[in-house]
Enquirer: 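Let me give you the structure first, and then I'll get to my questions.
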Amino acid sequence: MGNITKEKSCAFYASDYHFEMISLPYISKSMDENKEIIILTENNLKDTVNTLISKMNLKEEKQKKILSLDWNNDDLKKFKEISKKTKEDADMVIFIKGKQNYIKNVNKNIEKWVITDKHVKIIDCYEFFEVEEKIDEIAKEYDKVLGTSRM
């Protein structure tokens, strides 16, 4: 492949709410930078993200933008969206949240759907309790590890 600028990051979460708390500052910043955000998740997050957003002190416009993201488990639809956005040369941030096997399979599929790696940031989000014995070795495979921070 040509000019590769794909950045790989990871995060570790203890629950759906924890994942959302880790990812929301990054999502908010990426939205401010007009990046496309896609969330591939092993389970639906619509309910938990609605609950979390309702308790946060965010401007209404930002709340609506965050809630307008597809927080459901609908990988095929999202792979098609990734393919389309890649053709449009859009800057993308792709969150992949789930168990280790899900993350591995989704990454393989993304390789098939993403025509080129440029302008793509992938953040693999591992369930802490599944990988706690391997966290150090997993983290070494990435450019960056996201931590919990405040918005």
Side-chain angles (χ1 to χ4, degrees), residues 1 3-33 35-58 62-63 65-79 81-83 85-86 90-151:
M1 283 187 215
N3 45 351
I4 295 174
T5 58
K6 182 168 66 175
E7 182 184 303
K8 294 278 287 184
S9 300
C10 71
F12 300 94
Y13 66 90
S15 67
D16 290 346
Y17 287 112
H18 186 232
F19 162 74
E20 292 156 6
M21 287 169 54
I22 293 169
S23 63
L24 282 173
Y26 200 84
I27 288 171
S28 179
K29 182 176 178 270
S30 298
M31 286 178 160
D32 293 344
E33 296 168 354
K35 293 183 177 166
E36 298 292 332
I37 297 145
I38 297 170
I39 300 154
L40 290 146
T41 174
E42 201 165 10
N43 63 311
N44 289 336
L45 299 171
K46 196 89 178 145
D47 292 341
T48 53
V49 83
N50 274 319
T51 301
L52 185 64
I53 292 292
S54 72
K55 295 177 180 181
M56 294 179 77
N57 184 17
L58 284 175
K62 182 70 82 169
Q63 284 184 5
K65 279 179 93 173
I66 290 170
L67 292 174
S68 73
L69 296 173
D70 187 348
W71 292 89
N72 293 314
N73 169 273
D74 190 354
D75 292 353
L76 183 59
K77 177 181 158 200
K78 293 178 185 181
F79 286 136
E81 192 179 339
I82 289 168
S83 179
K85 299 287 183 199
T86 302
D91 282 340
M92 269 186 290
V93 177
I94 302 170
F95 285 87
I96 305 170
K97 177 211 166 275
K99 297 210 181 293
Q100 199 171 9
N101 208 36
Y102 174 80
I103 291 170
K104 190 172 100 183
N105 289 331
V106 168
N107 271 294
K108 277 185 195 167
N109 280 310
I110 285 176
E111 295 300 320
K112 292 176 189 158
W113 289 86
V114 173
I115 299 112
T116 170
D117 285 339
K118 62 184 179 172
H119 310 296
V120 178
K121 282 186 184 173
I122 294 176
I123 303 169
D124 292 335
C125 302
Y126 294 88
E127 186 181 79
F128 173 81
F129 300 106
E130 184 204 12
V131 298
E132 65 183 309
E133 303 293 318
K134 305 180 246 178
I135 283 181
D136 289 340
E137 113 190 20
I138 290 170
K140 285 178 188 163
E141 297 172 25
Y142 292 88
D143 302 320
K144 213 187 300 183
V145 178
L146 299 187
T148 307
S149 66
R150 294 193 176 149
M151 287 183 94

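Since this is a predicted model, take the numbers as computed values, not measurements.
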Enquirer: Do the non-hydrogen side-chain atoms of Ser83 and Phe79 ever get within less than 4.5 Å of each other?
Expert: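 Counting from C-beta outward, Ser83 and Phe79 never come under 4.5 Å.
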Enquirer: How would you list, by chain and number, every residue that makes a salt bridge (charged side-chain N to carboxylate O under 4.0 Å, His left out) with Glu81, sequence neighbours excluded?
Expert: none
Enquirer: Are Asn43 and Lys97 packed together at the side-chain level, in the sense that at least one heavy-atom pair is separated by less than 4.5 angstrom?
Expert: yes
Enquirer: Only counting residues at least two apart or in another chain, list the ones meeting side-chain contact (heavy atoms from CB on, under 4.5 Å) with Asn101.
Expert: Lys104, Asn105
Enquirer: Under the salt bridge (charged side-chain N to carboxylate O under 4.0 Å, His left out) test, which residues partner Asp75, sequence neighbours left out?
Expert: none
Enquirer: Applying salt bridge (Lys or Arg N to Asp or Glu O under 4.0 Å) as the test, list every pair that has at least one member in residues 17-26; sequence neighbours left out.
Expert: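 Applying salt bridge (Lys or Arg N to Asp or Glu O under 4.0 Å) to every pair that reaches into residues 17-26, excluding sequence neighbours, yields nothing.
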Enquirer: Identify the heavy atoms of Lys78 and Ile38 that sit nearest to each other, and give their distance.
Expert: CB-CG2, 4.0 Å
Enquirer: Roughly how far apart are Ile103 CD1 and Ile122 CD1, rounded to 0.5 Å?
Expert: 11.5 Å
Enquirer: Check step by step if side-chain contact (heavy atoms from CB on, under 4.5 Å) holds for Trp71 and Thr48.
Expert: CA-CA 9 Å; Trp71 292 89; Thr48 53; over 6 Å; no
Enquirer: If I take atom CG from residue Leu52 and atom CG from residue Asp47, how far apart are they, to the nearest 0.5 angstrom?
Expert: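 Answer rounded to 0.5 Å: 12.5 Å.
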Enquirer: Thinking salt bridges, do Lys121 and Asp91 make one under a 4.0 Å N-O criterion?
Expert: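 Here Lys121 does not pair with Asp91 in a salt bridge, since their nearest N and O are not under 4.0 Å apart.
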Enquirer: Just so I know, are the side chains of Phe95 and Thr41 near enough to count as touching, which here means a heavy-atom distance under 4.5 Å?
Expert: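 No, side chains not in contact.
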Enquirer: Is there side-chain contact between Lys55 and Thr51, with heavy atoms separated by less than 4.5 Å?
Expert: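 Side-chain contact under 4.5 Å: yes.
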Enquirer: Calculate, to the nearest 0.5 Å, the distance between atoms CG and CD1 belonging to Leu69 and Ile27 respectively.
Expert: 6.0 Å
Enquirer: Measure the spacing between CZ of Phe129 and OH of Tyr13 and express it to the nearest 0.5 Å.
Expert: 10.5 Å
Enquirer: Determine the minimum heavy-atom distance between Ile22 and Ala11, stating which atoms define it.
Expert: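 Looks like CG2-CB, 4.2 Å.
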Enquirer: My understanding is that only residues two or more places apart in sequence, or in another chain, count here; which of them pass side chain to side chain donor-acceptor pair (under 3.5 Å) with Gln100?
Expert: Lys134
Enquirer: Around atom NZ of Lys46, are there more than 12 heavy atoms of other residues, nucleotides or ligands at under 6.0 Å?
Expert: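 Enclosed.
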Enquirer: Run the side-chain contact (heavy atoms from CB on, under 4.5 Å) test against Ile53 and tell me which residues pass, sequence neighbours left out.
Expert: Leu24, Val49, Met56, Leu58, Gln63, Ile66, Leu67
Enquirer: Can you name the side chain to side chain donor-acceptor pair (under 3.5 Å) partners of Lys35, sequence neighbours left out?
Expert: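 Scan of Lys35 (side chain to side chain donor-acceptor pair (under 3.5 Å), adjacent residues dropped) gives Glu33.
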Enquirer: Taking all atoms of both residues into account, what is the closest heavy-atom pair of Ala90 and Glu36, and its distance?
Expert: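 Closest approach of Ala90 to Glu36, heavy atoms only: CB-CG, 3.8 Å.
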Enquirer: Considering residues at least two apart in sequence or located in another chain, which fulfil the salt bridge (charged side-chain N to carboxylate O under 4.0 Å, His left out) criterion with Lys99?
Expert: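 With sequence neighbours excluded, Lys99 shows a salt bridge (charged side-chain N to carboxylate O under 4.0 Å, His left out) to Glu127, given in chain and number order.
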Enquirer: Rounded to the nearest 0.5 Å, what's the gap from CG on Leu146 to OG on Ser23? Could you check?
Expert: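 Going from the CG atom of Leu146 to the OG atom of Ser23 covers 9.0 Å.
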Enquirer: What is the distance from atom NE2 of His18 to atom CG of Asp16, rounded to the nearest 0.5 Å?
Expert: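 That separation rounds to 11.5 Å.
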Enquirer: What are the two closest non-hydrogen atoms of Leu40 and Tyr102, and how far apart are they?
Expert: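 Scanning both residues completely, I find the closest heavy atoms to be C-OH, 3.5 Å.
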Enquirer: List for me each residue that meets side-chain contact (heavy atoms from CB on, under 4.5 Å) alongside Asn44, sequence neighbours excluded, and say none if there are none.
Expert: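 Asn72, Asn73.
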Enquirer: Tabulate below the donor-acceptor pairs under 3.5 Å that side-chain atoms of residues 136-143 make, not counting sequence neighbours, or state none.
Expert:
residue	atom	partner	partner atom	Å
Tyr142	OH	Asp124	OD2	2.7
Tyr142	OH	Tyr126	OH	2.5
Asp143	OD2	Lys8	N	3.0

Enquirer: Locate the shortest heavy-atom distance separating Pro25 from Met21; write the atom from each residue and the value.
Expert: CD-O, 3.1 Å
Enquirer: Using salt bridge (charged side-chain N to carboxylate O under 4.0 Å, His left out) as the criterion, list what pairs up with Lys65, not counting sequence neighbours.
Expert: none
Enquirer: Are the side chains of Ile110 and Ile96 in touch, meaning some heavy atoms are under 4.5 Å apart?
Expert: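 Touching, per the 4.5 Å side-chain cut-off.
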